[in-house]
Amino acid sequence: MSIQPVYPVDPAFAAHARITAADYTRLYAESLRDPEGFWREVARRLEWMKFPTRIKDTSFAREDFHIRWYADGVLNVAANCLDRHLATRGDKTAIIFEGDDPAESRRISYRELHAEVCQAANALRNLGVRKGDRVAIYLPMIPEAAVAMLACARIGAIHSVVFGGFSPDSLANRISDAQCKLVITSDEGVRGGRKIPLKANVDAALERPGTQSVETVLVVRRTGAAVSMRAPRDRWWHVVCEGQATQCAPEPMGAEDALFILYTSGSTGKPKGVLHSSGGYLVFASYTHECIFDLREDDVYWCTADVGWVTGHSYIVYGPLANGATTLMFEGVPNHPDSSRFWQVIDKHQVTLFYTAPTAIRALMREGDEPVKRTSRASLRLLGSVGEPINPEAWSWYHRVVGDARCPIVDTWWQTETGGILISPLPGASTLKPGSATRPFFGIQPAIVDAEGGVCDGACEGNLVITDSWPGQMRTLWGDHARFIETYFSTYPGTYFTGDGARRDADGDYWITGRVDDVLNVSGHRLGTAEVESALVAHPHVAEAAVVGCVHDIKGQGIYAYVTLIAEIEPSEALRKELIQWVRQEIGPIATPDYLQWAPALPKTRSGKIMRRILRKIAENAPEQLGDISTLADPTVVAGLVEARLIR
Ligand code: PRX
């Protein structure tokens with residue numbers, strides 16, 4: 001075994017850090033010994049209309065399942081992100097907007113953001129949106145996305161942000177599932193110089209059955225492109241916001257009232273609507289953000305995620321704004337106009353804390369050191385990684401080249417379901433190991449279990465579960481509480497099953513090994529194999545399809561599809577291209593298959609179940625590891641698939 005490099009805490013960093021190694025040990029022990037007392041104190045970081053007397057009221061036991069945090073507390077999330085800061089930080093920059101075009105950027109102070117959010121909140125109220133109503137947000141990375149989220153939070157409407165890269169069908173499914181009353185979109189989006197027809201996508205989505213709940217579409221003018229406006233449904237955002245009062249009384253919300261729904265992929269069926277609470281979520285998002293990024297008053301914080309994903313919710317909008325931080329929103333992509341863009345933006349806005357995904361790091365690493373080295377990056381003091389396992393080569397490049405070997409890296413492990421980071425180094429406390437998310441955050445109790453659910457101690461590898469609740473945990477799946485319990489709490493009863501595999505080393509550090517279910521992680525984006533399969537079989541020429549992940553240098557995981565055509569159709573290059581294009585249109589570009597192999601038949605058990613294990617091995621170019629195929633109904637189909645495999 002090769003010797004693994006470790007990076008002890010830099011004493012200079014530790015000297016000014018919020019949390020030192022000694023603090024971590026003490027606070028972690030305290031958080032487990034007295035969760036009530038611990039999370040009561042942490043909750044004081046927010047401004048409550050009524051401070052809770054009940055703190056933790058949770059049980060993962062099947063017969064008594066419930067998750068309630070701060071249940072009798074009352075607060076408003078938007079007031080915590082805005083009003084609370086006006087006295088001391090009114091003129092501080094809340095949002096730095098950096099456009100796709102490097103010539104375009106602007107700063108919005110807390111006072112300005114407060115006024116804009118109030119106007120939008122009043123506009124929504126005038127349009128009949130009330131507490132508990134659902135609002136879909138389908139916007140590019142522009143400040144209006146944060147304004148729209150906070151305006152919903154202010155009046156108690158539940159937002160459902162849909163990533164702007166999703167197709168009209170994907171958008172329609174999400175609108176229909178949550179029965180949204182209103183949609184907020186823009187004429188177009190711009191990324192890497194290319195236009196995305198968001199309003200046209202909304203128009204197409206609202207043609208689909210199940211979307212009649214939508215009464216109003218608000219359209220932000222971004223590019224000025226001509227779009228069809230259908231009266232009385234479609235209204236311009238600037239017109240309805242203009243003239244509204246810049247004050248708006250925040251709706252008093254119970255801590256357990258819903259803040260948002262965010263759809264994410266599971267191993268089966270349609271995407272699931274993960275529902276997050278108001279109080280516990282904000283306590284957890286803001287506290288993790290402050291501790292893990294070692295936040296200081298004058299930091300300029302930049303997370304490159306999109307608000308369409310949970311990272312954008314917790315660590316672009318809610319965590320940073322609740323903490324009164326300056327958060328940067330970037331509309332563009334890492335390689336436009338050239339692959340130096342990230343580093344130029346860091347210099348331009350003097351970014352101190354930078355948080356991105358391994359897929360971006362790998363793509364930029366491929367461009368060499370020069371695009372990085374031609375920038376200064378002297379403002380940086382901490383780097384973060386999220387979304388997928390980071391390979392040690394990418395970690396080392398990020399550390400050495402981007403961070404000039406002086407910035408700690410926090411490799412943060414978490415999920416849409418967890419609301420915030422659960423396992424991560426604390427920069428002033430943790431010895432870093434490239435590829436390891438290291439230790440659990442306060443109050444988080446991970447365990448590693450074997451296939452039968454036996455908990456293993458010490459150094460071992462298996463499936464990752466969390467044995468007790470934390471405030472930021474999701475509360476249910478929208479409209480399907482039974483599926484919530486079934487998906488997360490029945491595999492290993494009494495624990496939350498993450499769907500991830502993990503290894504714990506002899507020091508007690510965790511290494512996430514990736515999903516152990518049928519969920520893919522493509523460029524840090526979650527995608528169910530079942531979703532891609534159902535898109536493929538929706539094509540009239542496809543009889544059957546099976547999708548697995550494969551190794552991809554940049555994306556981490558790629559999409560490998562096996563397709564069986566209906567009897568009278570012959571495979572062709574043209575059809576292969578058509579099917580790949582079809583999936584893009586059905587789901588969105590992130591679901592584009594990287595490989596599509598024709599399969600005269602799929603390997604199945606005698607009971608008709610597709611043996612994905614075998615298909616995975618073929619896509620891994622490891623036919624010698626197929627294992628036992630004697631249980632297949634027809635073992636001969638395997639040889640043909642191996643022979644025709646696309647990765648060698
Ligand atoms: O497999 C894990 C991976 O991303 C999954 C969660 O995806 P999503 O809900 O879209 O949230 C992504 C952003 C939090 C996890 O089940 N994952 C996330 N962060 C890491 C990771 N895998 C390894 N290391 C990480 N730091």
Side-chain angles (χ1 to χ4, degrees), residues 43-51 73-97 106-125 129 131 135 137 139 141-159 161 184 220 237 241-242 244-255 257-260 276-287 289-290 295 297-301 303 307 312-329:
R44 297 196 195 284
R45 60 190 297 101
L46 298 187
E47 192 174 272
W48 298 81
M49 295 166 175
K50 175 181 180 293
F51 193 79
V74 179
L75 81 170
N76 181 280
V77 167
N80 271 280
C81 292
L82 301 167
D83 310 43
R84 187 159 61 110
H85 305 311
L86 294 182
T88 51
R89 300 181 175 116
D91 296 322
K92 179 174 175 175
T93 301
I95 295 177
I96 299 176
F97 171 65
R106 73 190 157 100
R107 292 173 164 264
I108 302 168
S109 69
Y110 271 94
R111 200 180 321 284
E112 290 161 342
L113 187 62
H114 173 266
E116 279 190 42
V117 168
C118 285
Q119 289 188 306
N122 286 326
L124 290 177
R125 273 196 181 136
V129 180
K131 178 176 173 178
V135 171
I137 299 177
L139 281 173
M141 279 292 290
I142 55 178
E144 285 81 357
V147 172
M149 291 163 76
L150 290 163
C152 288
R154 194 162 191 97
I155 64 170
I158 303 171
H159 60 69
V161 181
I184 305 176
V220 176
W237 165 270
C241 291
E242 203 174 61
Q244 296 287 350
T246 54
Q247 298 291 330
C248 168
E251 187 79 29
M253 301 290 285
D257 285 340
L259 177 63
F260 66 83
H276 279 289
S277 70
S278 298
Y281 170 80
L282 196 65
V283 167
F284 196 70
S286 69
Y287 187 49
H289 179 254
E290 181 183 280
L295 186 70
E297 191 60 45
D298 55 0
D299 272 321
V300 175
Y301 165 85
C303 165
V307 285
H313 284 61
S314 301
Y315 299 116
I316 292 178
V317 178
Y318 289 117
L321 295 179
N323 289 335
T326 297
T327 182
L328 192 150
M329 285 182 81

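In what follows, residues are counted from 1 in the order of the sequence shown. Bear in mind that the values here come from a model prediction, so they are computed numbers and not experimental data.
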Could you pull out the closest heavy-atom pair between [X] and [Y], with the gap in Å?
X: Leu139; Y: Ala148; answer: CD1-CB, 4.4 Å
X: Ala146; Y: Val317; answer: CB-CG2, 4.1 Å
X: Ala120; Y: Cys241; answer: CA-SG, 3.9 Å
X: Met329; Y: Ala145; answer: CE-CB, 4.3 Å
X: Val135; Y: Ala157; answer: CG2-CB, 4.2 Å
X: Glu144; Y: Trp237; answer: CG-NE1, 3.6 Å

Indicate yes or no for a side-chain donor-acceptor contact from [X] to the backbone of [Y] under 3.5 Å, with no hydrogens or angles considered.
X: Lys92; Y: Glu297; answer: yes
X: Trp48; Y: Ala255; answer: no
X: Glu290; Y: Leu295; answer: no
X: Tyr301; Y: Tyr315; answer: yes
X: Asn122; Y: Cys248; answer: no
X: Thr327; Y: Ile316; answer: yes
X: His313; Y: Val307; answer: yes

Could you check if a side-chain atom of [X] sits within less than 4.5 angstrom of a side-chain atom of [Y], using non-hydrogen atoms only?
X: Glu116; Y: Pro143; result: no
X: His289; Y: Pro320; result: yes
X: Leu82; Y: Leu86; result: no
X: Asp299; Y: Thr326; result: no

List the steps, then state whether side-chain contact (heavy atoms from CB on, under 4.5 Å) holds for Gln247 with His114.
-> CA-CA 8 Å; Gln247 298 291 330; His114 173 266; 3.9 Å; yes
In Å, rounded to the nearest 0.5 Å, how long is the span from [atom1] of [X] to [atom2] of [Y]?
X: Arg89; Y: Leu321; atom1: CZ; atom2: CG; result: 11.0 Å
X: Glu112; Y: Thr246; atom1: CD; atom2: OG1; result: 12.0 Å
X: Cys81; Y: Leu282; atom1: SG; atom2: CG; result: 5.5 Å
X: Leu259; Y: Ser277; atom1: CG; atom2: OG; result: 7.5 Å
X: Tyr110; Y: Ile95; atom1: OH; atom2: CD1; result: 8.0 Å

Among Tyr318, Phe284, Tyr281, which residue meets the ring-ring contact (aromatic ring centres under 6.0 Å, His included) test with His276?
->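 Among the candidates, only Tyr281 passes.
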Do the rings of Phe260 and His159 sit parallel, tilted or perpendicular, given the 30° and 60° boundaries?
->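 Ring orientation, 0 to 90° scale: parallel.
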Show every donor-acceptor pair shorter than 3.5 Å between a side-chain atom in residues 73-80 and any protein atom, with sequence neighbours excluded, or say none if there are none.
from	atom 1	to	atom 2	distance (Å)
Asn76	OD1	Ala78	N	2.9
Asn76	OD1	Ala79	N	3.0
Asn76	ND2	Ala153	O	3.1
Asn76	ND2	Arg154	O	3.1
Asn76	ND2	Glu251	O	2.9
Asn80	OD1	Glu47	N	2.6
Asn80	OD1	Arg84	NE	3.3
Asn80	ND2	Glu47	O	3.0
Asn80	ND2	Asn76	O	3.0

